[in-house]
Amino acid sequence: MRARAEELTRLIRHHAGLYYDRDKSEIADADYDALMSELRALEQEFPELADPLSPTRTVGAPPSELFAPVAHDVPMMSLDNAFDLDELRAWDTRAASRLDGPAGPYVCELKFDGLAISVRYERGRLVRAATRGDGRVGEDVTHNVATIDDVPRRLGADAPEVLEVRGEVYMAIPAFERLNEAREAAGEARYANPRNTAAGSLRQKDPAVTAERELSWWCYQLGTMTGGPAIRRHSETLEFLAHLGLPVNDAWLLAEDLVAVEGYVQTAEQRRHDHDYETDGVVIKVDDFARQAELGATSHHPRWAVAYKFPPEERSTKLRAIQVSIGGKGKATPFAVLEPVFVGGSTVQMATLHNEDQVKAKDVRPGDTVVVRKAGDVIPEVLRPVLSERPEGLPAWEFPEFCPCDNHSRLVREEGDAAHHCRHPQCPAQQAGGIEHFASRGAMDIEGLGEKNVHLLIREGLIVDVADVYALEEAAVVSLENFGPKKARNLMAGIEASKERSLARLLFGLNIRHLGGAVGEFLAGEFGHLDDIISADVERLAEVPGVGPTIAASVRAFFDDAGNLAVVEKLRAAGVNFAGPSPADEGEALRPTLEGRAIVVTGALENFSREGATAAIAARGGRSPNSVSGSTMAVVAGAAPGASKLTKAESLGVPILDEQAFEHLLATGELPPGAAPEGAG
Ligand code: IVH
């Protein structure tokens, strides 16, 4: 028990650190909440585990060093969550039993998805703004907050002597989209979602950057006040704040009883997209201050308020088309081309459909209206068609017979394989996919050599295979569209640096059929030099733990091919490292990127034996249990997966990954971002 509690504590600290300090998240909020709930339950059951510094008692993460610390006069607490109406009713029942009577009336407010700040006014002038930090000490962001139009620098004439108010800084969706359009036009990467972008924008060293970001603010809570009117209820607070000219969202409601609260919650959820800002739930607060005081707080959250969280988001949109993308090994993956839709915090226009069987099982057809789900930062999914909106006579989708490339070679689905493949040796789609894969983060990690540039370089006739990358000349690159001297120089530096990658990465990058990143590590660890692998026979290869007969045969076949050997020789001549780990990558194979995470594997994978997959997860500190639960990070589904595992994962909002996404996870420790399947577009 103690070990589990310690593990949970470490995980929560890790994720809280990323979230609060670096404005990043690796896991969906629901998973974070599940970790927290599990720890809280353990501590309740075994009080001897209780630790005053447990994350269940401390909120958020310690403030970072960039900004001066600000101690909050009244701690900025977090809220307890209710994930469904039953949990909401249970909260109310607990409150009523503490009070010996009903806790209502209640104030219902929207729960804005941004970051909390406290703003202090003295004699009506803004004097300080601070982030929440760990709840007791936050960071001074006064200069940045002062650039936000919604935050008045001065209050009206009847402002109290001292007023400290709390509220949520957020980025409205149109502002977020404008920012991303500008970034795209400048050739910069898009930001993932408004919340993280708002947080990053607020914590800029230069307030001029914050000022450009079009942030907004909703004010919803009183911190401290001296010299103001006598206020006895939260509803009066909101009225007073609005009267002073502070931005109070007017969607709040004074609800007499829990029935009225439930009505508000349902409407808020239905109308969640009628606003141009993101909401992730409803906050319910006991109106009467005397009752609030009687209810008090735990060390983590007040008992007089609760956050009802909306379930993972689903939205419907038009399925414009189903296309297939060809991966580096010729794998043809169908993906949905969607009318862009804002869901789960970002705009989605593509979603993988995995393979033919999945498309058939879901029965989604081009022209359908489909339901798309996206929870947090995980890959979006097409769930089902809206049958009532299906145009009459809409034909079912058929897997295309031919590769979209110029050779129009036949796409084949071999017996026992869930995927179709293009097997044409000169398939340009495959060739591009192969080079993209070689340059990708999990393989040789060549900065600047993404999908767009690979296509450009192929089109210009500068590269045909992966080894040609090392023959690129800066002078030729500079003159290409999209490249100036700076980008060309960076690309050349990225290519040069990649020569020092480890053997495991090189093996993975070569695109050998069935050889994933983990198997690359097993082989590199066993042999230590590429030449020893090239000269090993099938039996020797198959002896390596995690390498079965299929993979061994495929490795052998790869190095028996004269074309592949020629590529290997070109790589050698270019000075690419063939000999085991490189100083730069030392030990990275064993980085515990999945520490404590549970990944469930179901069905037959193409590139891993079951033991190989388990070993790869374990080598990164993860576990691969047999059943899916709320704290499962992901389910990896191969051919003929266990239906009950998939259903459970769906209902819990646990992301389901295909093998390619699994490789990404192993390589980076993160769920694959974005909607674009490999080679799409
Ligand atoms: S009241 C002690 N009201 O949600 C009560 N919080 O999960 C303090 N939030 O830290 C918070 N909308 O960042 C409150 N209408 C609202 C809110 C709200 C969003 C955020 C806030 C808080 C977090 C708790």
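Residue indices begin at 1 and follow the sequence shown. All ligand and atom numbering here is 1-based and tracks the order in the structure. Computed from a prediction, not measured in an experiment: that's the story for all the values here.
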Worksheet item: Going by an N to O cut-off under 4.0 Å, is there a salt bridge joining Arg4 and Glu7?
Response: yes

Worksheet item: Relative to ligand 1, is Arg132 under 4.0 angstrom through side chain, backbone, both or neither, heavy atoms considered?
Response: side chain

Worksheet entry | Nearest atoms (heavy-atom pairs only) where Thr317 meets Glu339 | OG1-O, 2.7 Å

Worksheet item: Is there a donor in the side chain of His301 and an acceptor in the side chain of Asn81, or the other way round, less than 3.5 Å apart?
Response: no

Worksheet item: Does a salt bridge link Glu278 with Arg195, judged by any charged N lying under 4.0 Å from a carboxylate O?
Response: no

Worksheet item: Mind checking whether His275 and Tyr277 have parallel, tilted or perpendicular rings, split at 30° and 60°?
Response: parallel

Fill in: Location of contacts on Tyr220 toward ligand 1, heavy atoms closer than 4.0 Å
side chain

Practice prompt. Check each heavy atom of Val283 against ligand 1 and say whether those closer than 4.0 Å belong to the side chain, the backbone, both or neither.
Written response: side chain

Fill in: For Pro302, the ligand 1 atoms whose distance to one of its heavy atoms is below 4.0 Å
2 (C)

Discussion item. Would you say CZ of Arg123 has more than 12 non-hydrogen atoms from neighbouring residues, nucleotides or ligands within 6.0 angstrom?
Written reply: no

Worksheet item: Of all the non-hydrogen atoms in the protein, which one sits nearest to atom 8 (C) of ligand 1, and at what distance?
Response: Met77 O, 4.0 Å

Worksheet entry | For ligand 1, the portion of Lys285 having any non-hydrogen atom under 4.0 Å away | side chain

Discussion item. How far is atom 23 (C) of ligand 1 from the closest protein heavy atom, and which atom is that?
Written reply: Lys111 NZ, 4.0 Å

Worksheet, complete the sentence: If you scan protein heavy atoms around atom 5 (C) of ligand 1, the nearest is Leu79 CD2, 3.6 Å

Discussion item. Ignoring hydrogens and geometry beyond distance, is a side-chain donor-acceptor pair present between Ser118 and Glu164 at under 3.5 Å?
Written reply: yes

Discussion item. With a 6.0 Å cut-off (strictly less than), is the heavy-atom count around CZ of Arg232, excluding the residue itself, greater than 12?
Written reply: no

Worksheet item: Which atoms of ligand 1 have any heavy atom of Leu110 under 4.0 Å away?
Response: 12 (N), 15 (N), 16 (C)

Discussion item. List ligand 1 atoms under 4.0 Å from Glu109, heavy atoms only on the residue side.
Written reply: 3 (N), 15 (N), 16 (C)

Discussion item. Is it true that Glu168 and Tyr220 share a donor-acceptor pair across their side chains at a distance under 3.5 Å?
Written reply: yes

Worksheet item: Quick one: which ligand 1 atoms are inside 4.0 Å of a heavy atom on Ala116?
Response: 13 (O)

Worksheet entry | His301 touching ligand 1 at heavy-atom level, < 4.0 angstrom | no

Worksheet item: Taking N or O atoms only and a 3.5 Å limit, does Glu168 qualify as a polar contact for ligand 1?
Response: yes

Response to the item:
Looking only at protein heavy atoms, what sits closest to atom 12 (N) of ligand 1 is Phe112 N, 3.0 Å

